[in-house]
Amino acid sequence: MGSEREAAISTPSTSGSSPAREAVRRGEIEVSVLDGTGAPFPAASLTFLDRRTNSDWTRSWSNPTQRMQYIRTRGRTVTADAAGRLLIPATDSGALASRTIGYHGMLEWATLPAGGLEVVLAAEIDLDVRVLDESGRPRAGVPVVLVRDRGGAPVPMLRRTSAGAEAVATFPRIRQLLGGATASGRHTITFGFPCLDPPGIEIDPAALPTERLDLRMPATGRLTVRVIDETGGPLQGTANVTLGASLDAEGRPLQYGSTVQRITGGRAVFPFVGVGSRFELRLDGSRDRPSRKEVAQGPQRPGEEKEVVLTWAERHP
């Protein structure tokens with residue numbers, strides 16, 4: 001993002017009797033609101049939350065979206081003046097979040113600052129990912145997923161599908177989605193279908209790309225899952241079938257995420273499955289039948305159309 005910066009806590013110089021220090025003595029905190037270049041952001045709108053008066057705030061703090069929603073519903077709106085400054089009540093546990101459309105910034109603190117605070121509001125962006133096939137041609141209708149590595153365990157965050165002539169999958173408001181100033185760890189854009197060696201693009205939350213990214217597909221085939229009931233006929237009714245994590249030869253996950261299709265007339269079709277992939281296939285359960293899991297093998301050659309037949313005879317007692 002070049003010169004754009006996430007919201008970050010800082011305490012301006014407090015030597016002498018600066019206005020910021022005087023504000024603290026009066027029981028207030030002076031906040032300087034800056035834009036992505038470090039210049040004052042006049043008339044910026046934010047929400048201030050005094051966490052001391054909201055003892056249940058910790059329950060919503062692990063998820064960036066819930067955190068932002070909590071601040072905006074429990075806090076109060078404050079507006080910067082023409083010089084980008086505002087005053088809030090002094091607290092040793094607070095949070096500020098932007099309410100200015102098109103910008104994202106968040107600041108939290110757990111000790112009473114000796115002087116003022118600074119919060120940076122950076123322009124929001126949408127992350128565009130173009131999906132290309134093996135020949136470099138745009139390919140629409142392909143599932144793409146944003147994955148966060150949390151303590152060594154990849155966790156799918158958001159799934160999109162490439163669309164249009166340019167086959168672009170858009171992840172809106174990527175800065176806020178990744179958690180703003182609190183974002184950490186590894187984030188990867190990859191495909192939302194089983195792959196033997198899943199390609200991915202790593203995203204740095206501190207330097208988000210503004211250009212469109214290209215994600216090239218591996219060799220794929222097509223998979224049809226046909227489900228029969230205890231009579232040997234096609235499953236009656238509807239249910240979901242899920243292709244889950246890609247597995248290695250020992251059954252360890254290679255890739256997390258899943259792709260889901262609806263079983264209709266006893267069959268579900270997955271247009272993209274990586275060649276040579278091995279994955280968990282799950283019948284997600286229905287009103288009459290319990291869920292079921294088993295390991296399945298994907299197509300073995302590019303363009304192959306493979307069929308897997310499952311017998312779903314189990315019923316709830």
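For clarity, every value in this text was computed on a predicted model and none was experimentally measured. Throughout, residue positions are numbered sequentially from 1 according to the sequence presented. Below, all heavy atoms of this structure are taken into account, side chains as well, without hydrogens, waters or symmetry copies.
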Side-chain contact, heavy-atom cut-off 4.5 Å: Val120 with Phe41? no
Any ion pair linking Asp284 and Arg282 (charged N to carboxylate O, less than 4.0 Å)? yes
Euclidean distance, Ser291 OG relative to Trp312 CH2, rounded to 0.5 Å: 8.0 Å
Search all heavy atoms of Asp50 against all heavy atoms of Thr53 and return the closest pair with its distance. O-OG1, 2.9 Å
Same cluster for Leu107 and Val78 if Ile/Leu/Val/Met/Phe/Trp/Tyr side chains link at under 4.5 Å? yes
Out of curiosity, Trp57 CH2 to Leu49 CG, how far, rounded to the nearest 0.5 Å? 9.0 Å
Nearest 0.5 Å, please: how far is CZ in Arg148 from OG1 in Thr188? 11.5 Å
Are there more than 12 heavy atoms of other residues, nucleotides or ligands under 6.0 Å from atom CZ of Arg216? yes
Leu127 pairs by side chain to side chain contact (heavy atoms under 4.5 Å, CB included) with which of Ile189, Leu208, Ile201? Ile189
Holding to side-chain contact (heavy atoms from CB on, under 4.5 Å), I want the full list of residues that pass it with Arg301, two or more places apart in sequence or in another chain. Glu304
Basic-acidic side-chain contact under 4.0 Å: Arg173, Glu124: no
Could you tell me if the side chain of Leu117 sits less than 4.5 Å from the side chain of Val119, heavy atoms only? no
Does the side chain of Leu223 come within less than 4.5 Å of Phe279's, by heavy atoms? yes
Going by side-chain contact (heavy atoms from CB on, under 4.5 Å), name the residues that satisfy it together with Glu134, two or more places apart in sequence or in a different chain. Ala219
Residue list, side chain to side chain donor-acceptor pair (under 3.5 Å) with Ser93, at least two apart or on another chain: Arg51
Give a yes or no on whether the backbone of Gly141 and the side-chain of Ser162 come within a donor-acceptor separation of less than 3.5 Å. yes
Flag side-chain contact, heavy atom, 4.5 Å: Glu305 against Thr224: no
If hydrophobic clusters are built from ILVMFWY residues whose side chains come within less than 4.5 Å, do Trp109 and Leu112 share one? yes
Begin from the C-alpha positions of Glu314 and Arg289 and carry the test side chain to side chain contact (heavy atoms under 4.5 Å, CB included) through to its verdict. CA-CA 6 Å; Glu314 301 87 353; Arg289 302 176 189 273; 5.7 Å; no
Check: Thr231 side chain, Gly233 main-chain N or O, donor-acceptor pair, under 3.5 Å: yes
Tell me the closest heavy-atom pair linking Pro290 and Arg315, and the distance in Å. CD-C, 3.8 Å
Are Leu213 and Ile203 close enough, and set up right, to give a side chain to side chain contact (heavy atoms under 4.5 Å, CB included), and what steps lead you there? CA-CA 10 Å; Leu213 305 177; Ile203 304 299; 3.9 Å; yes
Give a yes or no on whether Val144 and Leu158 share a hydrophobic cluster (residues Ile, Leu, Val, Met, Phe, Trp, Tyr; joining criterion: side-chain heavy atoms under 4.5 Å apart). yes
Check: Asp35/Tyr103 side-chain N/O donor and acceptor closer than 3.5 Å: no
Rounded distance [0.5 Å steps], CZ in Arg72 versus CG in Leu46: 9.5 Å
At what distance, to the nearest 0.5 angstrom, does CG of Asp56 lie from CH2 of Trp61? 10.0 Å
I'd like to check Val269 versus Arg222 (side-chain heavy atoms, cut-off strictly below 4.5 Å). Are they in contact? yes
On a heavy-atom basis, which atom in Pro42 and which in Ala82 lie closest, and how many Å separate them? CB-O, 3.2 Å
Would you say the side chain of Pro194 lies within less than 4.5 Å of the side chain of Phe270, judging by non-hydrogen atoms? no
Shared hydrophobic cluster, Val273 / Leu132 (ILVMFWY, side-chain heavy atoms < 4.5 Å): no
Please give me the minimum heavy-atom distance between Pro299 and Lys306, naming the atom from each residue. N-CD, 4.1 Å
Walk me through whether Val131 and Met217 qualify under side chain to side chain contact (heavy atoms under 4.5 Å, CB included). CA-CA 7 Å; Val131 176; Met217 296 176 66; 3.6 Å; yes
Indicate the atoms forming the closest heavy-atom contact of Arg52 with Ala90, along with that distance. NH2-O, 3.4 Å
Please list every donor-acceptor pair under 3.5 Å in which a side-chain atom of residues 234-241 meets a protein atom from a residue at least two apart or in another chain.
from   : atom 1 : to     : atom 2 : distance (Å)
Gln236 : NE2    : Pro234 : O      : 3.0
Thr238 : OG1    : Arg262 : NH2    : 3.2
Asn240 : OD1    : Arg262 : NH1    : 3.0

Could you point out which residue of Ile71, Leu96, Leu121 forms a side chain to side chain contact (heavy atoms under 4.5 Å, CB included) with Met106? Ile71
Nearest heavy-atom pair of Leu281 and Ala296: which atoms, and what distance? CD1-CB, 4.0 Å
Using atom types as modelled and distance alone, determine if a side-chain donor or acceptor of Arg186 lies under 3.5 Å from a backbone N or O of Val147. no
Sub-3.5 Å donor-acceptor pair from the side chain of Arg160 to the main-chain atoms of Thr170, do we have one? yes
In the structure I gave you, are the side-chain heavy atoms of Ser60 and Gln69 within less than 4.5 Å of one another anywhere? no
What distance do Glu30 atom CD and Glu118 atom CD have between them, rounded to the nearest 0.5 Å? 10.0 Å
Identify, with sequence neighbours excluded, every residue that meets side-chain contact (heavy atoms from CB on, under 4.5 Å) alongside Pro89. Phe48, Arg76
Would you say Val145 and Val168 are hydrophobically clustered, going by side-chain heavy atoms of ILVMFWY under 4.5 Å? no
So does Ser45 get a backbone contact from the side chain of Thr100, meaning a donor-acceptor N/O pair under 3.5 Å? yes
Contact between Glu307 and Arg267 at the side-chain level, heavy atoms closer than 4.5 Å - yes or no? no
Test log, rule side chain to side chain contact (heavy atoms under 4.5 Å, CB included), inputs Ile125 and Ile174: CA-CA 6 Å; Ile125 60 170; Ile174 188 69; 3.5 Å; yes
With sequence neighbours left out, what residues match Ile228 under side-chain contact (heavy atoms from CB on, under 4.5 Å)? Arg226, Val309, Thr311
